[in-house]
Amino acid sequence: MPHPPLPRTTRAFLARLAIATALAGAAMGCVAPADAVDSRDLVFDSQSYFAVTVDTRREDIELYWRNPDTDQPFSTIDALRTWTTGKGRPLSFATNAGIYDREFKPLGLYVENGKALVPLNLIHGNPRSGNFSLLPNGVFAVYDDGSADVHTSEGFRDAGRKARWATQSGPMLVIDGEINPQFDNGSDSMKWRSGVCAKTPHEVVFVVSRVPVNFHSFARLFRDEIGCRDALFLDGTISQAFTPDDGYAGAPAFMTKPYAGMIAVFPKRR
């Protein structure tokens, strides 16, 4: 038996609903899915690592220290993640950006969105006072055109190129294809460690160890396994890396402390 015709108001509502649904579907079809970084586990010389490769043509690398809304340090990856998600920019990757002082201020150059909040530090102290003074130290930088590189601190100064995002840390792990000569292959200084290299101007690799390792082993991983000619140590003992798919890797949670600067990676803005 045929159904009675629907009231005019009901027909109008259903027509509007159909149009809205079609438009939403079309809009969704035009939005590319969020890019995910390339993350993987590595085993090198029987030691385990977690590596993340970032293509700066698809992803943006940025640095964060203080929450612009409160002027207080983010301190944790979780706090940074909550804030960026609230701004409509979910994290693809994050890690602590480098060595800092007792006042939770970056110990060397720190550039955030083109502004140098801490100047380049070329005053070297006693290596026994910390890894930053184990020479040479270096700078990881990202530029306006999206390219990235790692230089010794003096090399970065001499290049004279203005960074949009940068962090100074140390020591350098690999310098022009050579292991930092300060490192001892037989060293018993075993710690969780994190580092970074730019294999090419648009291919950046971050690594955090899943177990304590010495500097020499960590440097050889970057040179011999990953293929980096220049690599920089970011931090040790407290270092962690985060991706939404993998969760946290690196030092156990009970070892971590509040961070100063952090490196954050997002899908590139459309």
Side-chain angles (χ1 to χ4, degrees), residues 37-61 63 92-99 108-109 131-132 134-143 145-159 161 163 165-185 187 191-211 213-236 239-241 243 249-250 263 265:
V37 294
D38 175 17
S39 60
R40 64 197 187 280
D41 284 301
L42 296 174
V43 176
F44 179 74
D45 279 358
S46 302
Q47 293 167 316
S48 298
Y49 301 89
F50 177 71
V52 169
T53 301
V54 177
D55 182 344
T56 63
R57 292 163 296 197
R58 296 192 303 119
E59 287 115 16
D60 290 323
I61 301 175
L63 276 87
S92 296
F93 167 76
T95 191
N96 46 315
I99 295 172
L109 177 70
N131 292 321
F132 190 87
L134 186 60
L135 302 183
N137 53 36
V139 174
F140 166 64
V142 181
Y143 302 95
D145 63 0
S147 65
D149 59 29
V150 169
H151 283 298
T152 64
S153 297
E154 286 79 4
F156 175 82
R157 175 201 61 195
D158 295 344
R161 192 176 178 191
W165 312 92
T167 181
Q168 183 182 7
S169 192
M172 288 287 290
L173 299 168
V174 183
I175 309 141
D176 198 20
E178 299 294 332
I179 303 294
N180 189 324
Q182 303 276 7
F183 300 160
D184 177 7
N185 188 29
S187 171
K191 299 180 185 296
W192 285 273
R193 302 188 189 275
S194 65
V196 62
C197 81
K199 285 187 67 175
T200 72
H202 293 284
E203 185 180 2
V204 177
V205 183
F206 297 93
V207 180
V208 63
S209 67
R210 289 192 178 274
V211 295
V213 298
N214 67 26
F215 270 132
H216 200 280
S217 294
F218 198 41
R220 284 190 292 106
L221 167 82
F222 274 97
R223 186 189 66 177
D224 301 340
E225 178 69 17
I226 298 174
C228 304
R229 289 194 59 80
D230 295 277
L232 177 67
F233 175 70
L234 289 175
D235 209 345
S239 288
Q240 287 192 326
T243 73
I263 295 167
V265 174

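Counting only heavy atoms from C-beta outward, the side chains of I263 and L234 approach each other to under 4.5 Å. Side-chain contact between T95 and V208: absent, with no pair of heavy atoms (C-beta onward) separated by less than 4.5 Å. Counting heavy atoms from C-beta outward, D230 and V174 have side chains that stay 4.5 Å or more apart.
Counting only distance, with no hydrogens or angles, the side chain of T152 and the backbone of P136 share no donor-acceptor pair below 3.5 Å. Looking only at distances, a side-chain donor or acceptor of S194 sits under 3.5 Å from a matching main-chain atom of D235. In this structure a side-chain-to-backbone donor-acceptor pair under 3.5 Å is missing from S92 to V37. N180 places a side-chain N or O within 3.5 Å of a backbone atom of M172 that can act as its donor or acceptor partner. No donor-acceptor pair under 3.5 Å is formed between the side chain of D45 and the backbone N or O of Q47.
Among residues at least two apart or in separate chains, there is no salt bridge (Lys or Arg N to Asp or Glu O under 4.0 Å) pair with a member in residues 192-205. Screening residues 170-181 for salt bridge (Lys or Arg N to Asp or Glu O under 4.0 Å), with sequence neighbours left out, gives D176-R229.
The structure places CG of D158 at 9.5 Å from NE2 of H151, a figure rounded to the nearest 0.5 Å. With rounding to the nearest 0.5 Å, the separation of CG in N96 from CD in Q240 is 8.0 Å.
Listed by chain and number, the residues in a salt bridge (Lys or Arg N to Asp or Glu O under 4.0 Å) with D41 are R210 (sequence neighbours excluded). The ring pair (Phe, Tyr, Trp, His ring centres under 6.0 Å) check on F183 picks up F215, with sequence neighbours excluded. Partners of F132 by ring pair (Phe, Tyr, Trp, His ring centres under 6.0 Å), not counting sequence neighbours: none found. With sequence neighbours excluded, the residues forming a side chain to side chain donor-acceptor pair (under 3.5 Å) with N214 are S217, listed by chain and number.
Looking at S153 and N137, their side chains do bring a donor and an acceptor atom within 3.5 Å of each other. Side chain to side chain, S147 and R161 meet the donor-acceptor criterion of an N or O pair below 3.5 Å.
The two residues F222 and V196 have their closest heavy-atom pair at CZ-N, 3.7 Å.
Ring-plane geometry between Y49 and F218 is classed as parallel, the angle between the planes falling under 30 degrees on a 0 to 90 degree scale with a further cut at 60.
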